[in-house]
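When reading the values below, keep in mind they use all heavy atoms of this one structure, side chains included, and skip hydrogens, waters and symmetry mates.
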Amino acid sequence: MDSIIKHLVEITGHRDHDLLNISVISALCELTNAEYARVLDIATVGLQIFVQPQITIKNGKVVALAEHAVASQGGDVIGKYPALEEGIKQHMSLIEGRSEDGKRLIWLPMWVNEKLNTCLEIANPASYSENAMQVMEGILIVYRNFQNLLDYSERDSLTGLLNRKTFDDNFSKILRASSQQTNGIGGEDGDEIQQDRRACEPEKQNWLAVLDIDHFKRVNDQFGHLYGDEVLILIANLLRSSFRPTDRLFRFGGEEFVILLRSTSQEDAQHIFDRFRENVEQYNFPQVGRVTVSVGFARIDAFEPAVAIMGRADQALYFAKSNGRNRTCYYDTLVTSGDLHAEQSNDTAEFF
């Protein structure tokens, strides 16, 4: 009982989705004596559902924060988990199945207003009594209630993406990660190790991208705002399925979105943003048909304010919109080519 109360106190003390997820999955893993437990992101694009691990808990420790490479569509197609797929179709709140290596799995979909974005997975539970189930149900009710509270304050009501007011906190997390990458490993031996590593692989950075739906006003004018809203929702779903859970996706208002892409090389960042742009171009939007987006992105410098980096990405976006649309532009490349001139940023400027 003391352990359960401790977990409930910890869960109800968080105001951050990542920490809330870690607390809940840790509590369930401990309660059931599971081999491991995971938080899965569930993304729906058209008629296809994708499953992507976000957090893994094993032996009481966070052993994997979804730093997986972005798959061609972001995560596994749900057909890889037939029992989970069938349970979701039936709108079940508890689903049992087996992993590919025969481990018993329990899935707990977190339904919110008939929608599913998160599913908890418990692997090989040793304790699965009726009493344990009742306790689990109580924890999940608390979890769902707190998720709703956080979503109400942090999420865009139409798309479910993070809203603009959450940007500063998420950007600060990226800056801390950038500082750690910049500092690297201490000591002379560490410097040599870091130099050897950098010589063997492209330097990984964090990136900020601003994207805008091309000719979105035409969509609203020609088809109406209901179809315009549907385009925004489908763009958000394509974003979720194209990026990792550790990347952060925001709707800043209207048809403008912002992406914080973590820990990858400039070449890979260009490829990832371009692939998303192509995914949008190839997607058949109901009634509307073809829709395209333009993307501008810039490197995140740990020693510069968000407004300066946002301004660079916005300049790259403006160049893309002014030069044909449906393209991805990198700020530094435009400056090097002479298409843009580097300007001193105004920290009080608003770019949207």
Side-chain angles (χ1 to χ4, degrees), residues 1-44 49 51-62 65-66 78 81 83-97 104-163 166 169 240 245:
M1 179 61 72
D2 289 342
S3 175
I4 295 170
I5 293 174
K6 180 195 73 174
H7 283 301
L8 289 175
V9 169
E10 184 177 353
I11 290 168
T12 55
H14 291 310
R15 296 296 181 271
D16 178 276
H17 271 288
D18 290 339
L19 295 177
L20 176 62
N21 285 338
I22 290 172
S23 294
V24 170
I25 203 67
S26 296
L28 295 180
C29 195
E30 179 180 324
L31 178 66
T32 60
N33 293 314
E35 183 176 334
Y36 66 85
R38 301 194 298 178
V39 178
L40 307 176
D41 272 6
I42 309 295
T44 303
I49 300 176
V51 179
Q52 193 168 50
Q54 182 187 38
I55 297 168
T56 302
I57 297 290
K58 191 171 185 177
N59 298 325
K61 297 181 180 179
V62 179
L65 286 171
I78 197 166
Y81 309 89
L84 177 60
E85 181 179 25
E86 184 60 29
I88 290 176
K89 286 180 180 177
Q90 297 182 27
H91 211 280
M92 296 171 64
S93 58
L94 187 148
I95 306 165
E96 297 189 48
R104 183 185 185 188
L105 298 177
I106 298 172
W107 291 290
L108 303 166
M110 295 293 103
W111 297 100
V112 178
N113 298 326
E114 303 300 314
K115 295 182 179 179
L116 177 62
N117 294 319
T118 304
C119 181
L120 308 182
E121 178 186 86
I122 301 172
N124 250 13
S127 175
Y128 192 47
S129 64
E130 182 177 347
N131 181 58
M133 279 300 302
Q134 291 176 350
V135 175
M136 284 173 58
E137 288 174 1
I139 290 175
L140 292 176
I141 290 172
V142 173
Y143 173 54
R144 187 178 293 107
N145 288 344
F146 265 77
Q147 263 202 333
N148 288 339
L149 288 173
L150 288 177
D151 284 346
Y152 182 77
S153 63
E154 296 182 356
R155 300 278 174 178
D156 172 60
S157 59
L158 178 65
T159 64
L161 300 181
L162 294 168
N163 59 30
T166 65
D169 286 342
R240 288 192 192 91

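To the nearest 0.5 Å, atom CD1 of residue Ile55 and atom CD of residue Glu121 are 13.5 Å apart. Remark: Met110 CE to Tyr143 OH distance equals 6.5 Å, nearest 0.5 Å. Within the model, atoms OG of Ser23 and CG of Leu28 stand 11.0 Å from one another, a figure rounded to the nearest 0.5 Å. Interatomic distance, CG of Leu40 versus OH of Tyr81, reported as 6.5 Å (0.5 Å rounding). To the nearest 0.5 angstrom, Ser157 atom OG is 9.0 Å from Asn163 atom CG. Taking CG of Leu94 as the reference point, atom CD1 of Ile106 lies at 6.0 Å (rounded to 0.5 Å).
Counting heavy atoms from C-beta outward, Ile42 and Thr118 have side chains that stay 4.5 Å or more apart. Taking 4.5 Å as the limit, every side-chain heavy atom of Trp111 sits out of range of all side-chain heavy atoms of Asn117. Side-chain contact between Val62 and Ile22: present, with at least one pair of heavy atoms (C-beta onward) separated by less than 4.5 Å. Counting heavy atoms from C-beta outward, Ile49 and Glu85 have side chains that stay 4.5 Å or more apart. Residues Asp41 and Val51 form no side-chain contact, since every pair of their non-hydrogen atoms from C-beta on lies 4.5 Å or further apart. Proximity of Pro109 to Ile95: side-chain heavy atoms (C-beta onward) are separated by under 4.5 Å at one or more points. Counting heavy atoms from C-beta on, the side chains of Ile57 and Val39 never come closer than 4.5 Å. Side chains of Val142 and Ile139 form no contact here, defined as non-hydrogen atoms less than 4.5 Å apart.
Taking the side chain to side chain donor-acceptor pair (under 3.5 Å) definition, one finds that Glu137 meets it with nothing, sequence neighbours left out. In this view, Asn124 and Glu35 satisfy the side chain to side chain donor-acceptor pair (under 3.5 Å) rule, not counting sequence neighbours.
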Open item on the list: Please determine whether side chain to side chain contact (heavy atoms under 4.5 Å, CB included) holds for the pair Leu162 and Asp156, giving the CA-CA distance in whole Å, both sets of side-chain angles, and the decisive distance to 0.1 Å.
Closed with: CA-CA 6 Å; Leu162 294 168; Asp156 172 60; over 6 Å; no
Task: Leu161 vs Arg240, side chain to side chain contact (heavy atoms under 4.5 Å, CB included): CA-CA, chis, key distance, verdict - done: CA-CA 9 Å; Leu161 300 181; Arg240 288 192 192 91; 3.9 Å; yes
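Between Asn21 and Gln54, the side chains place a donor N or O and an acceptor N or O closer than 3.5 Å (distance only, hydrogens not considered). With hydrogens and angles left out, the side-chain atoms of Thr166 and Asp169 include no donor and acceptor closer than 3.5 Å.
The main-chain N or O of Gly160 is found under 3.5 Å from a side-chain atom of Arg155 such that the two form a donor-acceptor pair. The main-chain N or O of Ser93 is never found under 3.5 Å from a side-chain atom of Trp107 such that the two would form a donor-acceptor pair.
The two atoms that bring Ala83 and Gly97 nearest to each other are CB-CA, 4.0 Å, heavy atoms only.
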